[in-house]
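This report refers to the structure that appears directly beneath it.
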Amino acid sequence: MLLRAKNIFKTYTLGRSEVRVLRGASMKADKGEFLVVLGASGSGKSTLLHLLGALDVPDQGVVEFDGQNVTTMPTRRRDTYRNAQVGFIFQFYHLLPEFNVLENVLMARMISQSGLSWLKVRRTAIREAAEILERVGLSERAKHRPRELSGGERQRVAIARALINNPAILLADEPTGNLDAKIGEEILRLLTAFNEAGQTIVMVTHDLHVASRAHRRLELKGGVLHPYRESDGTAFASLHPTEEVAR
């Protein structure tokens, strides 16, 4: 088991109201697995990914990576985990417009280094970034800025950026949600190829077609994770909570 969330609770305060997003959600992902979490808009899928990737901490419960409790790590160690072990892919790319493709990919590597150490690894990092860009089919776009790219190309840059530190886990938040069907399919094929090469992926989506690429599917409903089962014509199955860790 590589990644585990155990009995996670998360509540947000909006004005005078409290929104209970996660209510005891539990899951685990094995090394090399392609796991998809299905859920309707607003069900808490993005919140779950943020907690798994240490962008946020749960109110209650534990996130574990390779047997280590991420939730109770000191801030600096948690930052190191997020930068070195986790790659993030978002629906809206989040590329920096003033930097070109190569520089955007390198950004995750740069922020983990001091000025002096970056000078020592810069040449190697540039070579590795160029290799990743070749893998995602963007070698000829390395010097272009995001505004010069199509949506699909921007998402490929985002994937390359997520992979630059050779992360143990790739967390993908609706990575095809801002793309048309044809380009979205290309992105799915690319992610599947990386998974077949050994990359662990946890993806959240509301799209059953996207979810069909996964080894295993869970549904987030009512703040709890359940094994997903297809039902007769409904978008998401109505399930009963299972054991503490949905499997």
Side-chain angles (χ1 to χ4, degrees), residues 34 36 41-42 45-50 52-56 79 82-115 117-119 121-167 169-195 197 199 201-207 209-211 213:
F34 193 158
V36 163
S41 178
K45 303 186 300 299
S46 295
T47 296
L48 176 65
L49 280 197
H50 291 172
L52 294 177
L55 289 173
D56 199 356
D79 291 346
R82 183 172 58 245
N83 183 257
Q85 302 294 349
V86 183
F88 292 95
I89 305 171
F90 302 100
Q91 180 176 349
F92 294 105
Y93 326 129
H94 297 308
L95 302 179
L96 298 175
E98 66 270 31
F99 294 103
N100 66 32
V101 165
L102 181 64
E103 292 165 340
N104 267 281
V105 173
L106 285 170
M107 200 60 62
R109 178 72 61 84
M110 292 176 65
I111 63 176
S112 67
Q113 308 286 333
S114 66
S117 61
W118 171 244
L119 291 176
V121 303
R122 180 175 179 273
R123 184 174 296 180
T124 299
I126 291 173
R127 185 185 70 247
E128 292 175 354
E131 291 172 353
I132 294 173
L133 285 172
E134 184 174 1
R135 292 175 68 187
V136 300
L138 288 178
S139 293
E140 296 181 357
R141 297 294 221 172
K143 300 300 183 181
H144 289 67
R145 283 184 165 75
R147 66 176 179 272
E148 301 174 292
L149 306 178
S150 68
E153 288 172 333
R154 293 180 191 183
Q155 193 61 289
R156 287 172 181 266
V157 177
I159 292 170
R161 179 186 57 192
L163 293 170
I164 186 62
N165 285 332
N166 192 27
I169 306 159
L170 200 59
L171 300 180
D173 190 350
E174 299 274 11
T176 64
N178 202 35
L179 304 170
D180 64 34
K182 180 180 178 182
I183 302 302
E185 187 66 25
E186 293 176 1
I187 295 300
L188 286 177
R189 284 198 296 267
L190 185 61
L191 291 174
T192 300
F194 280 115
N195 173 252
Q199 179 66 58
I201 300 175
V202 179
M203 180 191 297
V204 301
T205 183
H206 66 277
D207 190 323
H209 173 69
V210 172
R213 298 300 185 104

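Contact record, N83 with A108: ND2-O, 3.2 Å, taken as the closest heavy-atom pair. Residue L191 comes nearest to P175 through the heavy atom pair CD1-CG, 4.1 Å, listed as atom of the first residue, atom of the second, then distance. I187 and G152 make their closest contact through CD1-O, 3.9 Å (heavy atoms, listed as atom of the first residue, atom of the second, distance). Considering every non-hydrogen atom in both A162 and L170, the closest pair reads CB-CD1, 3.6 Å. Here the closest non-hydrogen pair linking A125 and I164 is O-CD1, 4.3 Å. Between V136 and I159 the shortest heavy-atom distance is CG1-CG2, 4.4 Å.
With sequence neighbours excluded, the residues that form a salt bridge (charged side-chain N to carboxylate O under 4.0 Å, His left out) with R141 are E153. Legend: residues meeting side chain to side chain contact (heavy atoms under 4.5 Å, CB included) with T47, ordered by chain and number and at least two apart, are K10, Y12, V21, L22, L51. Legend: residues meeting side chain to side chain contact (heavy atoms under 4.5 Å, CB included) with R123, ordered by chain and number and at least two apart, are absent. By the salt bridge (charged side-chain N to carboxylate O under 4.0 Å, His left out) test, R135 pairs with no residue at all, sequence neighbours left out. Remark: R109 engages E128, N165 in a side-chain hydrogen bond (donor to acceptor under 3.5 Å, both in side chains) (not counting sequence neighbours). For T192, the side-chain hydrogen bond (donor to acceptor under 3.5 Å, both in side chains) partners two or more places apart in sequence, or in a different chain, are R213.
Each salt bridge (Lys or Arg N to Asp or Glu O under 4.0 Å) pair with one or both residues in residues 82-93, not counting sequence neighbours, appears once here: D79-R82. For the salt bridge (Lys or Arg N to Asp or Glu O under 4.0 Å) condition, the pairs that include at least one residue of residues 156-166, sequence neighbours left out, are R156-E186.
With rounding to the nearest 0.5 angstrom, the CZ atom of R122 is 13.5 Å from the CZ atom of R127. Separation of atoms CD1 (I201) and CG (L171) is listed at 10.0 Å; rounding is to 0.5 Å. In this structure, CE in M203 is found 7.0 Å from OG1 in T176, a value given to the nearest 0.5 Å. In this structure, S46 OG and L55 CG are separated by 10.5 Å, a value rounded to the nearest 0.5 Å.
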For residues 86-106, dump all side-chain donor-acceptor pairs below 3.5 Å to protein atoms at least two apart in sequence or in another chain.
{"residue": "Y93", "atom": "OH", "partner": "N178", "partner atom": "ND2", "Å": "3.3"}
{"residue": "N100", "atom": "OD1", "partner": "L102", "partner atom": "N", "Å": "3.1"}
{"residue": "N100", "atom": "OD1", "partner": "E103", "partner atom": "N", "Å": "2.8"}
{"residue": "E103", "atom": "OE1", "partner": "N100", "partner atom": "N", "Å": "2.9"}
{"residue": "N104", "atom": "OD1", "partner": "L96", "partner atom": "N", "Å": "2.7"}
{"residue": "N104", "atom": "ND2", "partner": "L96", "partner atom": "O", "Å": "3.1"}
{"residue": "N104", "atom": "ND2", "partner": "F99", "partner atom": "O", "Å": "3.1"}
{"residue": "N104", "atom": "ND2", "partner": "N100", "partner atom": "O", "Å": "3.1"}

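In this structure, E131 places its CD atom where more than 12 heavy-atom neighbours from other residues, nucleotides or ligands lie under 6.0 Å away.
Formation of a donor-acceptor pair under 3.5 Å by the E148 side chain with backbone atoms of R145 is found in this model.
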